[in-house]
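Some notes on the structure that comes next.
What you see is a predicted model, and the numbers here were worked out from it, not measured in a lab. Position 1 is the first residue of the sequence; numbering continues from there.
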Amino acid sequence: MPTRLLRNILLTLALFAITLPTFFCHNQANETSDSDHIETSPWKNVYDTGAHYVGMQACRTCHEPIYQTFIQTGMGQSFGIATKEKTAADFSPVHALVYDSALDYYYKPYFSNDSFYIMEYRMEGRDTVHKRIQQVNYIVGSGQHTNSHIFGINGYLYQAPITFYTQKHRWDLAPGFEKGANTRFQRMIEIECMSCHNGYPDFVANSENKYTALKTGIDCERCHGPGSLHVEDRKNNLPVDTAKGPDYTIVNPRRLSTELQNNVCQRCHLQGITVLNDNKTFFDFRPGMKLSEVMNVFMPEYEGAQDKMIMASHVERMKKSQCFIQSGKMSCITCHNPHVSVKFTARTQYLNACQSCHGSGAGQHQCTETMQVRAAKNNDCVTCHMPHNGSIDIPHVAVTDHFIRKRPVDDSTQKKITAFFGLKCFNNDAPDPITKARGYMEFYERYAQSRGLLDSALYYLAKDQAKEARLQNRDYIRVYYLLKDYRKVISFANSLQPSAVNEAWTNYRTGEAYYQLQQPDSALPWYKRATEIWKYALDFQNKYGICQLALNHPQEALQVFNLVVEQNPNHISANTNLGYIYMQQGSNNKAYEYMMHANRLDPDYEQNLLNLAVWYHSNQQPAKAMKTIEHLLKKHPENERARAMLADLAH
């Protein structure tokens, strides 16, 4: 290879721009509070900041019978250690193999002794050309619908790429990993996900996905609020006769208003586009509050396709029902006893709930169907009016549709989405324009990269002129970052100083805008500030190190990348970058060690393959350099540098 070409490639290797994905499963606390309005409640553990969580075992001391039934519910079984007892999966050879045809990986789940592993491998003919084995630490899900799988590295949690779908009794790619979107072992388990699928964890606040302790299942206090005041009264022998009135030391959802009852449930059973209020986190909601005090949850509204639903959208579907709209008193616990699993709940409990409004009393609306049809359905209201539907976000799963209707939609013209109306907030009738704008940006990031969504965000941002400019700038920076209009991002950041911006993503996006405009010197302080706010956000740290390399600060970059791999030895990009630095410094063995580790983690990682090809060529191994470049071009045929190297190697 000519010296000039090799030098040019080496110079550009470290400057390879990596823009973080736009899908983020969290929305961390924002900068400024909208209001000084102070809410109140007769329930003492709702707003008392001294009230704290005591754990389910403390509740069990006095409530053993309820504890024993609750731990069998879907909530009680929502999260656990990955053991043979916890899993609902079939590990027989016939079932336990998944092939991702888009990325050409096989996945085999298996137990070795008492430990659970997933092996990822790739075949060329009869040869195994790639193999990665990852231990699974946790299982998510009760097994009624699915078991998904999580592993941890030094407290950083990630989702494994395959799920067991119990209703279809099959393994397949995890939800969101299909159709070429398989992120393999890199999808972070962030606090929004964990805070609904499990009891509140001990979360490292200056990270995206690091935890110091985890619960095993949703617990009592998620519905009743922190229990310390209640426990303290009992310890001090201060009982309350609840037959005469409420015990206000702890929330009893049955004694809440219908709206507040539903707010407890819709914290997790209203899955949609969640926008946190300014200065709030996913830990801040307590039973007895309005959910809108902490967050606003939006759902996309479409014309047609009334049978299409998200799996955990029970509250949204219920709120579409005339039973809910007209009764004014329908809540989730009208039908459900959250202390008892649906598997052990008598069918009559649900039918009696229907009969309470649609029975034989005066003025009640009775079933108009013929007795012959009713008999064929065992006179079961739910079967006809709340049929099972598949969910649009989780494959191989059918759940009860809580949109109660006289007749399920069976017109084929209604089964297709014909128009997108916009986003509707289902826990707040009047969200402010800024919140709506953030909803559209979240929807864009997560689900649909449509320019129209960002146009809607800009429309709502322009409608709220009351927000102070500093806060407005953060939102404009976000929307123009998503539009890749980096000059606009910088124009809104010009009036800000990194030290005065306390939101990590705003700093990162501004740094990225400067970097993409080839101004790494201006990008550096913004990246640095992002890492000061979230020290343990490893992708932020990695990009900060890349910027240091672009400025020819290899020692500073080395320090950053070493921090990343100390935290997570399997961070692919950081290993790639360390390999590059050591190659530049002439430490060939060390460089090769890091590059090969990155290659074992991801055999298709574009930048590392380019680095490896240069290393092989520099170390007089042209055949391996050629093979590496050929594989790179097979997976990334648009890489012009690789094409130039291949042409040069061929000569």
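- Gln555 and Gln559 share no donor-acceptor pair across their side chains, judged by distance under 3.5 Å alone.
- Applying the 6.0 Å contact sphere to NZ of Lys535 captures no more than 12 heavy atoms from other residues, nucleotides or ligands.
- Side-chain contact between Val54 and His52 is present, with at least one heavy-atom pair separated by less than 4.5 Å.
- Cation-pi check for Lys424 over Phe426 is met; the charged atom lies under 6.0 angstrom from the ring centroid and within 45 degrees of its normal.
- A donor-acceptor pair under 3.5 Å is absent between the side-chain atoms of His396 and the main chain of Phe164, judged by distance alone.
- Tyr106 and Tyr121 have their aromatic ring centers within a separation under 6.0 angstrom.
- A salt bridge is defined here as a Lys NZ or Arg NE, NH1 or NH2 lying under 4.0 Å from an Asp or Glu carboxylate O, and Glu39 with Arg286 fails to meet this definition.
- Taking the six-membered ring where tryptophan is involved, the planes of His149 and Trp171 are essentially parallel, since the angle between them stays under 30° and well short of 60°.
- Between the CZ atom in Arg122 and the CG atom in Leu103 there is a gap of 7.5 Å [rounded to 0.5 Å].
- Using a cutoff of 4.0 Å between basic side-chain nitrogens and carboxylate oxygens, Glu503 and Arg474 are not scored as salt-bridged.
- A side-chain donor-acceptor contact under 3.5 Å links Asp393 and Gln271.
- Within 6.0 Å of CD in Gln497 there are 12 or fewer heavy atoms belonging to other residues, nucleotides or ligands.
- Side-chain N or O atoms of His553 include none that pairs as donor or acceptor with a backbone N or O of Glu556 at under 3.5 Å.
- Side-chain contact between Ile434 and Asp278: absent, with no pair of heavy atoms (C-beta onward) separated by less than 4.5 Å.
- Arg478 and Glu442 are joined by a salt bridge, as a carboxylate oxygen and a charged side-chain nitrogen come within less than 4.0 angstrom of each other.
- Inspection of the Gln519 and Tyr486 side chains reveals no N or O donor paired with an N or O acceptor under 3.5 Å.
- Under the 3.5 Å distance criterion, with hydrogens and angles disregarded, a donor-acceptor pair is assigned to the side chains of Asn611 and Gln607.
- In this structure, Ser195 and Arg267 have side chains that are in contact, with non-hydrogen atoms separated by less than 4.5 Å.
- A donor-acceptor contact shorter than 3.5 Å is absent between the side chain of Tyr107 and the backbone of Asp100.
- Taking the six-membered ring where tryptophan is involved, the planes of Phe283 and Tyr200 are perpendicular, since the angle between them exceeds 60° and thus also 30°.
- In this structure, Trp505 and Tyr508 have perpendicular ring planes: the angle between them is above 60°, well past the 30° mark.
- Tyr605 and Asn575 share no donor-acceptor pair across their side chains, judged by distance under 3.5 Å alone.
- Looking at heavy atoms from C-beta onward, Tyr515 lies in side-chain contact with Lys543 at the 4.5 angstrom threshold.
- Once rounded to the nearest 0.5 Å, the distance linking CE of Met441 with CG of Leu482 reads 7.5 Å.
- Between the side chain of Asp485 and the backbone N or O of Tyr480, no donor-acceptor pair lies under 3.5 Å.
- For the residue pair His130 and Asn599, no side-chain donor N or O sits within less than 3.5 Å of a side-chain acceptor on the partner.
- Checked by atom type, the side-chain pair Asn568/Tyr158 shows a donor-acceptor distance below 3.5 Å.
- Listed for the Asn608 side chain is no donor-acceptor partner under 3.5 Å among the backbone atoms of Ala598.
- In summary, the side chains of Tyr211 and Asn198 do not present any donor paired with an acceptor at a separation below 3.5 Å, with no hydrogens or angles considered.
- Within the 4.5 Å cutoff, side-chain heavy atoms of Leu549 are placed close to those of Phe561.
- Residues Arg529 and Ile533 are in side-chain contact: their nearest non-hydrogen atoms beyond the backbone lie under 4.5 Å apart.
- The main-chain N or O of Leu291 is found under 3.5 Å from a side-chain atom of Asn263 such that the two form a donor-acceptor pair.
- Rounded to the nearest 0.5 angstrom, Phe79 CZ and Lys86 NZ are separated by 9.0 Å.
- Side-chain polar atoms of Tyr536 and Gln567 form no donor-acceptor pair below 3.5 angstrom.
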